There are 2 protein chains.
Amino acid sequence: MKSDAVFKRAFNDALDLIGNLPVEAPFPSENQLSVQLMVSRTTVRKILSAIRAQSLPAAGDSRPLIGAIPRFAEAETIPISEQVEKHFMEWMLRDNTRPGTSINELQLARRFGLATTGIREFLNRFQRFGLIERRPNAGWVFKGFTASFALELFEIREIFELRSALAFAMLPATSALWQKLEALRDQHTQLLEEIDTRYHDFSDLDSRFHRLINSAAPNRFIEDFFDIITLIFHYHYQWNKRDERQRNEVAIKEHLTYIEALLSRNPSIVELACRAHLASAKETLMRSSSRKTSEFARADDAKDPVTPSAAMPSASS
Amino acid sequence: MKSDAVFKRAFNDALDLIGNLPVEAPFPSENQLSVQLMVSRTTVRKILSAIRAQSLPAAGDSRPLIGAIPRFAEAETIPISEQVEKHFMEWMLRDNTRPGTSINELQLARRFGLATTGIREFLNRFQRFGLIERRPNAGWVFKGFTASFALELFEIREIFELRSALAFAMLPATSALWQKLEALRDQHTQLLEEIDTRYHDFSDLDSRFHRLINSAAPNRFIEDFFDIITLIFHYHYQWNKRDERQRNEVAIKEHLTYIEALLSRNPSIVELACRAHLASAKETLMRSSSRKTSEFARADDAKDPVTPSAAMPSASS
DNA sequence: GGATTGTTTTTTATTGATAAAAACTTTGTT
DNA sequence: AACAAAGTTTTTATCAATAAAAAACAATCC
């Protein structure tokens, strides 16, 4: 049976939406709601009737009184397939899963409280991140977030980013991307000013920035690769909060230099700034994860656990 | 219920194995068979008892008479999950599926004669090849093997191959890879001599060659990317047999030049040979597929179907 | 006549059940 | 003891069933 997370999420959103409606605005039509809530009209109707059932009855069939209708808990609004990701990560983090550990579908299913099919689906999608490997008829093996994983990741990242940055610098002055770049620069300076309170917002800005650069010469394989980076960083830093503010502040400044370099359109300057930023990002990742290294044992083929238990999943995108 | 393709494949293999046993050799133990047939001992026992049941009864409990025990049909020995790949490809080829077509799990399941779960699993794995896209709660879309797909693919391929070829050229003279390279060169010359009869053998040689080069500086992301190339070429050329012999002959000669360049260890010569080979491979692919282009309509975002119906799946590795 | 609401059909997400295959444990044999 | 065979338990692959969500169709309404 399908979970009704879609309904619950949209229900909560609908309450917000209706609550914030200007007093004079007409009540939105089902179609409009369907667009705004990003669900089918079928679901909109379900929401509407749920709302009507809970608001004061027979209030003249006009706009229902939303008042104090309770929302669904956050957790209930996340579809199972996405929860698996989180669970899986926790399994690795908390249980300190080591490279070489074999993954048991049934066990995970029981632990996560869902059917094996869900696990299977997740693992199949997650496979592409290069952290697990399939053994037909014999489950999966966790390969681990080892130092070599990180090194290999960064090697490719550097190749791709350099290629895209240079392509960006060559963009004609008329390209719309220049404006977007300037907008992003402004967001960076702004974030820098409020860094003390908003430093968490960096990770989103970071991935938007790198995606913008990639869009100068779009290539689906590069974009796919960036999903891996995004995932790794997301979970890695979620696990390791040390020096977050400081770390992000440095990165923002590097981005600003990098952006200026792009705006200068001078290839060698761009290359310099880009290389500098990536080197620093790599250093940060390797350093922050290797501190814990000594605690962990090593698996056969993994001679270099870096963030042994660390980092992981997400195959949702 | 699991299919028993593993058993059937191993059963057939076992008959061959036992049939070819030297007369004096002792009958292999269950454990030995398990290793040789690459299945668990559980399956070996099942095979053994199946064989005993069919061979002349009570022949003194020693070596059973294999004689004329019938084998299982080839088709039965392929696990369902692998069949899906083939089916899916045929669906695209035969039905001339166009970019933008939406993929319906239920429909495919019915057509392929299996449960939707199998389709789902396949699609999830196949996703990474960049030819389909998921729409949560609303199925999948076939993005098509368009010209831009091919161009993007080759852009990355060139970047990766160049990087690996240069790394290879820098390998110390003591590296074992030089010998392997020489061995591969010999296989190339040999194949060239027998090209008229053995030209199909090229595709295997090709992928072994490129994998060898990559192994100079191993990187899992590059290896993963090569799976995509292998897949595309496999199916693309399986579908398009035009000029196969001629095409392969040219490629072999290019490989030989490329190999000599590597052996020379001169980076600029390597780069030249590598670029030349890739350019020619790209040209071949684009040319052979674009011939049919005119037949096909174009989908929204795909302004350039190349081998519209062509090319595809395989998420088995 | 184009948007709105009401109704029916199709498709996706998720579960639980089960045979095949693998992994583990015990027993037997030299 | 050391390996082979027999027996048991666990795990994977696969199916069929079903509620939720989407899509398609039909009836209304300014």
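Atom set for the values below is all heavy atoms of this structure, side chains included, hydrogens, waters and symmetry mates excluded. Computed from a predicted structure; not experimentally measured.
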- Task: Report the residue (B:Val6 or B:Ile103) whose heavy-atom-nearest nucleotide on DNA chain C is the more 5′ of the two.
- Result: B:Ile103

- Query: Just checking, any donor-acceptor pair under 3.5 angstrom between side chains of A:Arg45 and A:Ser34?
  - Reply: no

- Please tell me which of B:Ala138 and A:Glu105 maps to the more 5' nucleotide of DNA chain D, matching each residue to the nucleotide holding its nearest heavy atom. A:Glu105

- Taking atom types as they are modelled, is there a donor-acceptor pair under 3.5 Å from the base of D:dA5 to the side chain of B:Ser29? no

- Using whole Å, report how far CG of A:Leu48 lies from P of C:dT4. 13 Å

- Nearest-Å distance, CD (B:Glu30) to C1' (D:dA4)? 7 Å

- Query: Taking atom types as they are modelled, is there a donor-acceptor pair under 3.5 Å from the base of D:dA6 to the side chain of B:Arg41?
  - Reply: yes

- Item | Separation of C:dA21 P from B:Arg9 CZ (nearest whole Å) | 11 Å

- Message: Between A:Arg208 and A:Asp204, does any side-chain N to carboxylate O distance fall below 4.0 Å?
- Response: yes

- Message: Over all strands shown, is B:Asp4 touching base, sugar-phosphate only, or nothing at heavy-atom distances under 4.0 angstrom?
- Response: sugar-phosphate

- Item | Contact under 4.0 Å: B:Asn137 side-chain N or O vs D:dA21 OP1/OP2 | no

- Residue closer to the 5' end of DNA chain C, B:Ala5 versus B:Trp140 (nearest nucleotide): B:Trp140

- Taking atom P of D:dA4 as reference, at what distance in whole Å does atom CD of B:Gln32 sit? 6 Å

- Task: Please check the phosphate of C:dA20 (OP1 and OP2 only) for any side-chain N or O of B:Thr43 closer than 4.0 Å.
- Result: no

- Query: Over how many whole Å does the gap from A:Leu106 atom CG to D:dT10 atom P extend?
  - Reply: 10 Å

- Query: Over how many whole Å does the gap from B:Arg135 atom CZ to D:dA23 atom C1' extend?
  - Reply: 14 Å

- Message: Expressed as a whole number of angstroms, how long is the span from A:Lys46:NZ to C:dT5:C1'?
- Response: 19 Å

- Query: Counting only distance, no hydrogens or angles, is the base of D:dA22 paired donor-acceptor with the side chain of A:Thr42 under 3.5 Å?
  - Reply: yes

- OP1 or OP2 of D:dA22 sitting under 4.0 Å from any side-chain N/O of A:Ser40? yes

- Salt bridge present between A:Arg9 and A:Asp4 (N-O < 4.0 angstrom): no

- Item | Donor on one side chain, acceptor on other, B:Thr77 and B:Arg71, under 3.5 Å | no

Nucleotide N/O of nucleotides 14-17 of chain C paired with protein N/O under 3.5 Å:
{"from": "C:dT14", "atom 1": "O4'", "to": "A:Met1", "atom 2": "O", "distance (Å)": "3.3"}
{"from": "C:dT14", "atom 1": "O2", "to": "A:Met1", "atom 2": "N", "distance (Å)": "2.9"}
{"from": "C:dT15", "atom 1": "OP2", "to": "A:Ala115", "atom 2": "N", "distance (Å)": "3.2"}

- Query: Taking the side chain of A:Asn104 as its heavy atoms from C-beta onward, which of D:dT12, C:dA22, D:dA22 lies nearest to it?
  - Reply: D:dT12

- Taking OP1 and OP2 of D:dT11, is either one under 4.0 Å from a side-chain nitrogen or oxygen of A:Arg110? yes

- Item | Check ion pair B:Glu121-A:Arg134 (N to O, under 4.0 angstrom) | yes

- Item | Check: A:Phe221 ring centre within less than 6.0 Å of B:Phe149 ring centre | yes

- So, A:Glu152 side chain and B:Arg220 main chain: donor-acceptor pair closer than 3.5 Å or not? yes

- Distance test, side-chain N/O of A:Arg45 to OP1/OP2 of C:dT5, below 4.0 Å: no

- Task: Could you label the plane-to-plane angle of the A:Phe72 and A:Phe11 rings as parallel, tilted or perpendicular, counting under 30° as parallel and over 60° as perpendicular?
- Result: perpendicular

- Query: In whole Å, what is the span from the CD atom of A:Glu76 to the C1' atom of D:dA20?
  - Reply: 15 Å

